[in-house]
Amino acid sequence: MNPVIAKVIVEVPVSRTNRPFDYLVPEWLLPILRVGSRVIVPFGPRKLQGFVIGLLELADGTETSIDPQKLREILEVEDDLPPLTEELLDLAEWMSKQYLCPWITAIHAMIPAVLKGKTERWVVAAAELTAELAGQSPLLHELLRRGAVAYREVEQQFPDEIPLLPGWLSAGWLTTEYHVKDRVTHKQASYVTLLLTDEEALAKADSLPKQAEQMRRVLLHLAPFSGQPIAAKELGELLGVSRPTLKNLAAKGWIRLEQMEVLRNPYAHRKFADAKHSYTAQQQTVLKPIAQAIEQGGFASFLLHGVTGSGKTEVYLAAIEQTLAKGKEAIFLVPEISLTPQMVERVKGRFGNLVAVLHSGLSQGERYDEWRRIIRQQVKVVVGARSAIFAPLRNLGLIVIDEEHENSYKQEETPRYHAREVALWRARQNHGVLIMGSATPSLETYALATRGRYQLLTMNERVGNRPLPQVHVVDMREELLKQNRSMFSQTLYQMIEQRLQNGEQIVLFLNRRGFSTFVMCRSCGYTLTCVHCDISLTYHRTNHTARCHYCGYTIKQPDHCPECQSSHIRFFGTGTQKVEEELSRLFPGIRVIRMDVDTTSRKGAHEELLDRFRRGQGDVLLGTQMIAKGLDFPRVTLVGVIAADTSLHLPDFRAAEKTFQLLTQVGGRAGRHELRGDVVIQTYTPEHYSIRHATKHDYLSFYEEEMLNRKRTGYPPYYRLVLISFSHEQLPVLIQGAQTVADYLKARLQPSTILLGPVASPIPRIKDRFRFQLMLKYRDEPKLIDMLGQMNRHFDEWLKQQQLLMNVDIDPQMLL
DNA sequence: AGCACGCCGACT
DNA sequence: GTCGGCGTGCTC
């Protein structure tokens, strides 16, 4: 038989090992090992987990430099189905090039966290270890008793004996072993299977003594399900029978009691809702080209620009339905924040059990279970946040990205991918259709659409021809002149009062992007900052502490200012509590539901609060941007933005865009149903174009004006950006290092490319490491990615030596 | 990244 | 003379 070679990417996320390693596939693994399999391989002295990215059979005369004699063998295959498809492996390769990350890191982004292997080193007792020898040391004693001890445990409990290990090792008293820990657990539950026929069971039930009532009930219940496993838990709940009863029946040989993997929803096959949805004229218009593209097959991409309330979701669902009808599958991406039960219900209601939902609320195990339904090809539609773009569907026909402009589609850790780009790659690869939708598309996407890269589809009318809400802009400077020092303008005050009288609901929004609660002295202005990072500490109300959310440094909230001893040291920030207090003062008896970090930190609290509001248990929903999107409450007729310009003056070239998007989205929350809506925007800069255009729901005017700014200042979409950041404990080494890289780049970049820096990063120190950065702005630099890859390799060794960390972010979203 | 191997200072 | 510091180099 010809030897089979597997190319394996091992789980070592550094550039030195960022290449396939060759292994021999032992004969007994040939039937189960596939491209995409998760395997365990020997690697140097250790064992590691890895992924098979290719197989090669060495037939006689195969031209290769591989000598199978010199290869080591694959030790194990870990799953019965490979967790990665060949398409995803190709995607991982593309991502590692595109985003300059190790191959394995891209693979890890695609699969559930529990599939990441963890190698553990163990110390194992050997034959030479006798009781007499073991008397010498506590560790040897422990080893003799237990046979093996984890090295980690040795470090913790027997640190003094670590130096002795090599001697013992060569004396043959012990050996070291490596184990790859598989964290996968399959949820097990007890199942009961009737081993008798229907009639036999009924007969036995009759023959049982009178007092054996519980057994009789079980037999009667199980009779029609002969041979089918039924969950024991279900029997217990339904019939009130206890464990011993089932054990007794099993002892008689009438039933089988066993642990089985949980069977999920075997009978929950919901029917597809029939396709009798009525569409608005505009929905029909945009659906036409989409339907045509799906029908034809082949790559097509659309930007669906639809005002809030125009019924974009219905368009997505129709497209998904048609995709399924063609026998293909769909991915539906939504921002994490709009992955609400409401949304999930809507999709599940339409496609029932064919839907898998992936969101951050799931535990690692639950996430893995849901993902496994996809890998087993039991679902056709995957709904989820960013990482759902990697769903291992094999016949992908459609990808929908809702709220395309949301920056949560960009991952802010390695691999720093953008789900939109990955979606484009997968749609192309699968000859599928991509639909991106938004009321406020990102400038990048809209610009490409105007140039024909995406087909632009527009819906500018709301469903049912409901008018867009009336937007009232209030100049807070004038309020101050009118001696109104409250945070509510007269207009907003009156409207709140009126809603309360009518029994209608109100959403109040505090725009605080980029700020959290910080602690400041009102006497001298001193702000509590972290001693390890150059940022303000965040106040935590629950335990009255101030905490750094970068490194975890925590201090007790001081009673007096450390600087001037004043007792006027308070926390400032989101101010939702302050708004709440003010509301209660002005409108006694008002019921406020506050949503902020404090009230939503508990799991499920988010949904619970929204639910209470929906049921009318609150007059006001008060919160930060987490309430801005996707929510749809019929009785909300007033939306107030307390301070619109807080996000306008951030040092981020997208500040105006983000503000416009937020205001437009918030405005879209009002009057979505029968009742008309009003929006009140309070601002100190009513003349600012992002506020002016948001007021008129005028995306196009905003787009044009902002594009001029971007052109003038040289930012996307006119220029593309690469952010290279560095960190080191010592400032001189850091600056020197960043400068060296800058010089390297300067010598290789085209003159049209702008290189900014090195300069200190906006947060100049985190976890006692100083931070510097370089920014590249370029328009046309086709070889840039390759060149950055070369740069990485060129400096790899040197960076390690200097203990410098360097990070490259292609098309960065967050410049803060 | 680990881990092993290998070459120079302070201890029994 | 040895123990142990961490510099250098490799992992199919």
Side-chain angles (χ1 to χ4, degrees), chain A residues 2-27 29-30 33 35 37-58 62-77 89 93 96 100-109 116-124 137 150-155 158-171 174-181 413-415 727 729 733 792-793 795-807:
Chain A
N2 294 323
V4 176
I5 311 298
K7 305 228 167 250
V8 176
I9 297 289
V10 292
E11 286 194 340
V12 185
V14 292
S15 51
R16 318 262 337 246
T17 53
N18 184 28
R19 63 190 173 86
F21 286 80
D22 295 327
Y23 286 89
L24 207 57
V25 182
E27 214 167 292
L29 283 179
L30 280 173
L33 187 127
V35 171
S37 284
R38 194 164 62 110
V39 293
I40 295 172
V41 292
F43 196 71
R46 341 175 245 168
K47 279 192 228 167
L48 290 179
Q49 185 173 283
F51 292 84
V52 177
I53 60 151
L55 286 171
L56 176 69
E57 187 176 344
L58 290 189
T62 309
E63 290 266 337
T64 174
S65 53
I66 304 169
D67 178 5
Q69 302 292 313
K70 288 188 181 149
L71 298 185
R72 299 171 81 178
E73 285 195 344
I74 291 201
L75 301 172
E76 257 177 82
V77 174
L89 288 171
E93 188 179 3
S96 81
L100 304 150
C101 69
W103 217 327
I104 190 67
T105 315
I107 289 175
H108 281 156
K116 197 166 154 180
K118 219 180 129 193
T119 300
E120 262 186 337
R121 184 176 169 187
W122 287 74
V123 182
V124 183
S137 102
Y151 190 79
R152 171 177 275 251
E153 211 177 318
V154 176
E155 284 177 316
F158 311 97
D160 309 341
E161 300 181 57
I162 289 178
L164 304 171
L165 285 174
W168 295 343
L169 212 62
S170 50
L174 46 81
T175 57
T176 29
E177 278 182 20
Y178 295 85
H179 291 281
V180 178
K181 210 160 130 193
E413 308 106 53
T414 321
S727 77
E729 286 187 11
V733 184
N792 260 349
R793 283 185 292 277
F795 286 110
D796 184 49
E797 201 72 359
W798 179 76
L799 290 167
K800 195 182 151 184
Q801 241 171 39
Q802 306 263 306
Q803 298 189 41
L804 255 170
L805 295 182
M806 178 172 84
N807 207 315

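Because the structure is a prediction, the values reported are computed rather than measured. Here is the naming used below: chain letters follow the sequence lines, and residue numbers restart at 1 for every chain.
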Side-chain donor or acceptor of [X] paired with backbone N/O of [Y] under 3.5 Å:
X: Thr17(A); Y: Val12(A); answer: yes
X: Tyr178(A); Y: Phe43(A); answer: no
X: Arg72(A); Y: Gly44(A); answer: yes
X: Asn18(A); Y: Pro102(A); answer: no
X: Thr119(A); Y: Lys47(A); answer: yes
X: Glu120(A); Y: Ala150(A); answer: no

Rounded distance (nearest 0.5 Å) linking atom CD of Glu729(A) with atom CD of Gln803(A): 7.5 Å
Counting primed atoms, P, OP1 and OP2 as sugar-phosphate and everything else as base, the B/S/- map of nucleotides 1-12 of chain C against protein heavy atoms under 4.0 Å is ---S------BB
At under 4.0 Å between heavy atoms, what does Tyr178(A) touch on the DNA or RNA strands: base, sugar-phosphate, or nothing? sugar-phosphate
Start and end of the DNA chain B segment that chain A contacts, any atom under 4.0 Å from a heavy atom: dA1(B) to dC3(B)
Minimum heavy-atom separation for Ile5(A) and Asp22(A), please, with both atom names. CG2-CB, 3.8 Å
